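Here the structure is a predicted model, which means the values were calculated and not measured. Here is the naming used below: chain letters follow the sequence lines, and residue numbers restart at 1 for every chain.
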Amino acid sequence: MAEELSFEEGLNRLEKIVQTLEAGGLSLEEAISLFEEGMQLAKICNQRLDAAELKISQLQTAFDQEIHNKGEAPC
Amino acid sequence: MRIYSVDEVTGYLRELLEGDSLLTDLWISGEVSNLSQSAAGHLYFTLKDEASQLRCVLFRGERLDLTLENGAAVVAHGHISVYEVTGSLQFYVDLVQPEGVGILHLEFERLKAELEAEGLFEVARKRETPPFPRRIGVVTSPGSAVLHDITNIISRRYPLVELVLAPTPVQGDGAAEGIVGAIEALNEMEGIDVVIVARGGGSLEELWAFNEEKVARAIASSKAPVISGVGHDTDFTIADFVADLRAPTPSAAAELAVPHRSELESRIQSQQRALVAALGGEISQRGTELVHLTNRLRYLSPDIARYRQRIDELTKVTSIRVASLLTIDREQLRSQELELGALSPIATLSRGYAQVQHSATGEVVSRVGQIHRGDAIDVRVSDGMFKGRVTTLKKGLQAWLKNFPSKKG
């Protein structure tokens, strides 16, 4: 489940879990299960940051074509 | 061929002039003369130079950055058309500036005022840029140092993102059209969360594309929020005013577009600490509750001992009662057994008595009178029966006693 979350969703869910835990009123089983989920999310979020590599793509624009044709590249 | 009315011709001229791209938006410099003001507050004057003159009107409510007087050297902005009532060519002025100000500054101020009046710079129009963008469109010159910086900064700070480059020239002829085209192309793409429009530092002329109306309007109508990063932090362009977020430089635009990795890491870390603290709190609270309950139990324990003792006593009493009941029953049973034994015919038969039945009728024979000589009889003794036939009948006690086995002793 947690594997498919985006970084943002993961972080939001983690913060929500902390809020829920801090609010109290849970059974010990619920608290432990939330704790485990939260720790897992923190791990996944960190892994996402560590593993990420910037993706770059380029749109083909009319002016891009023109530039290539003319062979000039203004700053 | 046909004959036209005057009105048709002036109307045609008017359409012609108002459809001309140069005449609909131009600056003209000249000297003011024949200045007059109508009752309605409109200003009429003539702009002239050594060779020519042009009739001008400035309607009440248009912008006037100086007091008009005859002989003043000014630069006026507006459009040329025909005033059909007099059939004369007129310059419809919407802005007058003193002579001596550069044309780019004039145009900058004019457009800024116009777009501001339209409400394009209003804070309420500015959209928030997403805190965690997934796709960022970058409108800048391909292969430039600016693009290199933006890529580096984003890769270092938040590599979870995808950059979509929309290359365009950012100065010179066609730059404005290129920027507009790039913004539009990005807006046609799915999932662009924010657009960075950037260019390195330069002169007012070099940055001019970012002061053009079509660029400003493309930024204003962009679906995705736009961050501008044009020139240095002292340069302000119209694009900066219209953008949802103005960054002082291209690098700053990249920084504003994404969260910072180290901030995210410390945010995750603090959440982890909060998790541990919260669960620790839950557990220690349970521990406290447990101690509480144990104390209460201990306090209650004498009662439990008392009840246990009472139960023990009751159990003892009960078992005695049950045991005595059982004893009584057993004795009764034995005496009833004896009684039963006494009444049993088997016991009688085992003492040597026999039961005689009339074979034909099944009647138990207890008197001589019930039977006749030759009758068949069934005789039952303690361990079985036999059949016989009556040969002799004698009545009376004497006959009964004869040969009766006498008791011992």
What distance do [X] atom [atom1] and [Y] atom [atom2] have between them, rounded to the nearest 0.5 Å?
X	Y	atom1	atom2	answer
B:Q272	A:L14	CD	CG	7.5 Å
B:R134	A:K55	CZ	NZ	10.5 Å
B:I150	A:I56	CD1	CD1	11.0 Å

For the [atom1] atom on [X], are there more than 12 heavy atoms of other groups (residues, nucleotides or ligands in this structure) within a distance under 6.0 Å?
X	atom1	value
B:H260	NE2	yes
B:E205	CD	yes
B:R217	CZ	yes
A:D50	CG	yes
A:E53	CD	no

[X] versus chain A, heavy atoms under 4.5 Å apart: side chain, backbone, both or neither?
X	answer
B:P130	neither
B:T151	both
B:R261	both
B:V276	both
B:R135	neither

Atom of [X], atom of [Y] and distance for their closest heavy-atom approach:
X	Y	value
B:E282	A:L26	OE1-O, 4.0 Å
B:L279	A:F35	CD2-CG, 3.5 Å
B:R286	A:L28	NH2-N, 3.1 Å

> Do B:V164 and A:Q58 have side-chain heavy atoms sitting under 4.5 Å apart?
Replying inline: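 Side-chain contact under 4.5 Å: no.
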
>> Between A:L34 and B:L275, is there a side-chain heavy-atom distance shorter than 4.5 Å?
In response: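 No, their side chains stay 4.5 Å or more apart.
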
> Hey, which of B:I283, B:L186, B:L160, B:L163 has the most heavy atom pairs under 4.5 Å with chain A?
Replying inline: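 Highest number of heavy-atom pairs under 4.5 Å: B:L163.
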
> Is chain B contacted by the side chain of A:E9, its backbone, both, or neither, given a heavy-atom distance below 4.5 Å?
Replying inline: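 The side chain, not the backbone.
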
> Contact part of A:L11 toward chain B, heavy-atom cut-off under 4.5 Å: side chain, backbone, both or neither?
Replying inline: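 Interface part for A:L11: side chain.
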
For residues 15-24 of chain A, which side-chain donor-acceptor pairs fall under 3.5 Å, sequence neighbours excluded?
from	atom 1	to	atom 2	distance (Å)
A:E15	OE1	B:R267	NH2	3.2
A:E15	OE2	B:R267	NE	2.7
A:E15	OE2	B:R267	NH2	3.3
A:T20	OG1	A:K16	O	2.8

>> Ring-plane angle category for B:F132 and A:F7, please: parallel below 30°, perpendicular beyond 60°, tilted otherwise.
In response: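 If you compare the ring of B:F132 with that of A:F7, the planes turn out tilted.
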
